[in-house]
Number of protein chains: 2
Amino acid sequence: MVKRTSFEGDSCPIARSLEAIGDWWSLLIIREALFGLRRFGEFQSKLGMAKNILAVRLRALVDHGILTTAPASDGSAYQEYVLTPKGRGIFPILVALRQWSEEFDDRPAEITTILVDRAKGRPVKKLELRAEDGRLLSQADTTLKPRPGRRPRSA
Amino acid sequence: MVKRTSFEGDSCPIARSLEAIGDWWSLLIIREALFGLRRFGEFQSKLGMAKNILAVRLRALVDHGILTTAPASDGSAYQEYVLTPKGRGIFPILVALRQWSEEFDDRPAEITTILVDRAKGRPVKKLELRAEDGRLLSQADTTLKPRPGRRPRSA
DNA sequence: CTTGTGTGGTTGCATCATAAAACCATGTGC
DNA sequence: GCACATGGTTTTATGATGCAACCACACAAG
């Protein structure tokens with residue numbers, strides 16, 4: 001097979017998430033959906049992408065349980081695409097991508113928006129990874145461990 | 001052009017980061033690099049990917065300033081690929097992807113590792129997004145604002 | 001009811017990216 | 001110098017992407 005190497009059976013959770021949202025358009029579709037876009041035409045005109053690709057992506061996102069098709073909402077007989085909880089759970093990934101760009105992009109001047117706390121209108125802080133006891137962790141403070149609860153039995 | 005739509009000039013920071021690391025393999029290469037892999041052959045055997053693709057990806061990551069080629073390290077005359085600060089800054093993105101899989105994957109039993117705090121060996125907490133004053137923020141508590149400091153002048 | 005228009009797609013190609021395998025250029029051990 | 005490992009490049013086949021054209025349906029006007 002010459003296929004695009006599926007990570008579906010991979011044990012690495014990063015590979016598993018890439019399987020669902022690891023392509024060029026999916027994250028941008030989800031980004032727009034978090035902004036409130038719901039209709040096929042809205043996505044198509046906002047993102048400027050080919051309609052066939054959009055159709056394929058939307059179907060894939062629905063299959064992965066990230067979007068759901070809702071029958072209507074404003075009377076018109078067309079359907080809409082709305083995020084599931086699983087889809088809304090992608091928000092931190094988008095924030096992480098955004099903050100990485102903000103911090104390391106070569107031409108930061110081209111970034112035209114900032115993510116702010118709605119109540120105060122002030123920029124948000126960087127994502128924080130903490131230990132159970134609240135200590136702030138960097139990559140060097142972490143390790144991977146095998147998951148407990150794996151049954152060593154053969155049957 | 002029918003090319004793979006570059007997001008290089010896009011003003012959205014998410015699109016800009018996808019431009020650099022938005023493909024199937026790059027994030028997995030970086031994941032292994034964070035684990036300490038450095039050599040071409042190490043990446044190739046660990047990830048099981050075609051060597052030509054790996055060569056293209058490594059070059060692209062070097063071009064984007066995510067990896068650097070270091071002349072040597074253990075005496076052998078071959079070169080190594082090491083993460084730059086920009087590359088190490090991708091860590092939160094990987095954590096976000098991992099936590100999303102852990103929370104929403106359909107077959108969580110297939111995930112075999114957990115990310116733990118090295119000092120205590122206990123699982124880390126979920127990534128937290130906070131306001132300047134420390135309030136924990138969810139997606140609904142945030143908004144995008146136009147970036148200040150944009151010069152409205154024509155010259 | 002027929003015509004027109006907008007929405008929401010599908011179908012055909014042309015082109016690009018990806019994958020596997022073969023090949024090659026160097027370095028390294030003996 | 002010879003065999004072998006390392007680190008790639010080239011070749012070729014196939015899947016993915018992109019654009020444009022086409023189609024189906026809803027809805028509204030004439």
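Note that this is a predicted model, so its numbers are computed, not measured. Here is the naming used below: chain letters follow the sequence lines, and residue numbers restart at 1 for every chain.
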Open item on the list: Can you tell me whether the side chain of B:N52 and the base of D:dG7 have a donor-acceptor pair closer than 3.5 Å?
Closed with: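 Counting by modelled atom types and ignoring angles, no donor-acceptor contact under 3.5 Å is found here.
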TODO: Please go through A:V82's hydrophobic cluster and name the other residues, only I, L, V, M, F, W, Y counting, with side-chain heavy atoms under 4.5 Å joining them.
DONE: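 Listed partners: none, A:V82 stands alone.
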Task: Hydrophobic cluster (4.5 angstrom, side-chain heavy atoms) - remaining members for A:I114 - done: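 Via sub-4.5 Å side-chain contacts, A:I114 links to A:V116.
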- [ ] Report the nucleotide, chosen from C:dG9, C:dT11, C:dA19, that has the shortest atom-to-atom distance to any side-chain atom of A:F40.
- [x]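 Closest of the options to the side chain of A:F40: C:dG9.
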Can you tell me the distance, in whole Å, between the [atom1] atom of [X] and the [atom2] atom of [N]?
| X | N | atom1 | atom2 | answer |
| --- | --- | --- | --- | --- |
| B:L58 | D:dG8 | CG | P | 7 Å |
| B:I53 | D:dT14 | CD1 | C1' | 12 Å |
| B:L54 | D:dG8 | CG | P | 8 Å |
| A:Y81 | C:dG8 | OH | P | 9 Å |

Phosphate oxygens OP1/OP2 of [N]: is one of them under 4.0 Å from a side-chain N or O of [X]?
| X | N | result |
| --- | --- | --- |
| B:Q79 | D:dG8 | yes |
| B:W24 | C:dA17 | no |
| B:R57 | C:dT18 | yes |
| A:R39 | C:dG8 | yes |

Task: A:K145 side chain vs B:G121 backbone, donor-acceptor pair below 3.5 Å - done: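 Such a contact is found between A:K145 side chain and B:G121 backbone.
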Open item on the list: So does A:P13 get a backbone contact from the side chain of A:S17, meaning a donor-acceptor N/O pair under 3.5 Å?
Closed with: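 Such a contact is found between A:S17 side chain and A:P13 backbone.
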TODO: Please list, chain by chain and in numerical order, all residues satisfying side-chain contact (heavy atoms from CB on, under 4.5 Å) with B:R130, sequence neighbours excluded.
DONE: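 With sequence neighbours excluded, B:R130 shows a side-chain contact (heavy atoms from CB on, under 4.5 Å) to A:K125, A:E128, A:R130, B:E128, B:L136, given in chain and number order.
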Just the table, please: protein N/O against nucleotides 4-6 of chain C N/O, every pair under 3.5 Å.
{"from": "C:dG6", "atom 1": "N2", "to": "A:Y78", "atom 2": "OH", "distance (Å)": "2.8"}

Pull out every protein N or O sitting under 3.5 Å from an N or O of nucleotides 22-24 of chain D, one pair per line with the distance.
none

- [ ] Mind jotting down which residue pairs meet the salt bridge (Lys or Arg N to Asp or Glu O under 4.0 Å) criterion with at least one end in residues 134-143 of chain A? Sequence neighbours excluded, please.
- [x]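 Sorted result for residues 134-143 of chain A: A:D133-A:R135, A:R135-B:D117.
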TODO: Working to the nearest 0.5 Å, report the span between OH of B:Y81 and CG of B:L67.
DONE: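 If I round to the nearest 0.5 Å, the distance is 8.5 Å.
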Task: Salt bridge flag under 4.0 Å for residues A:E102 and A:R98 - done: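 Answer for the salt bridge query: yes.
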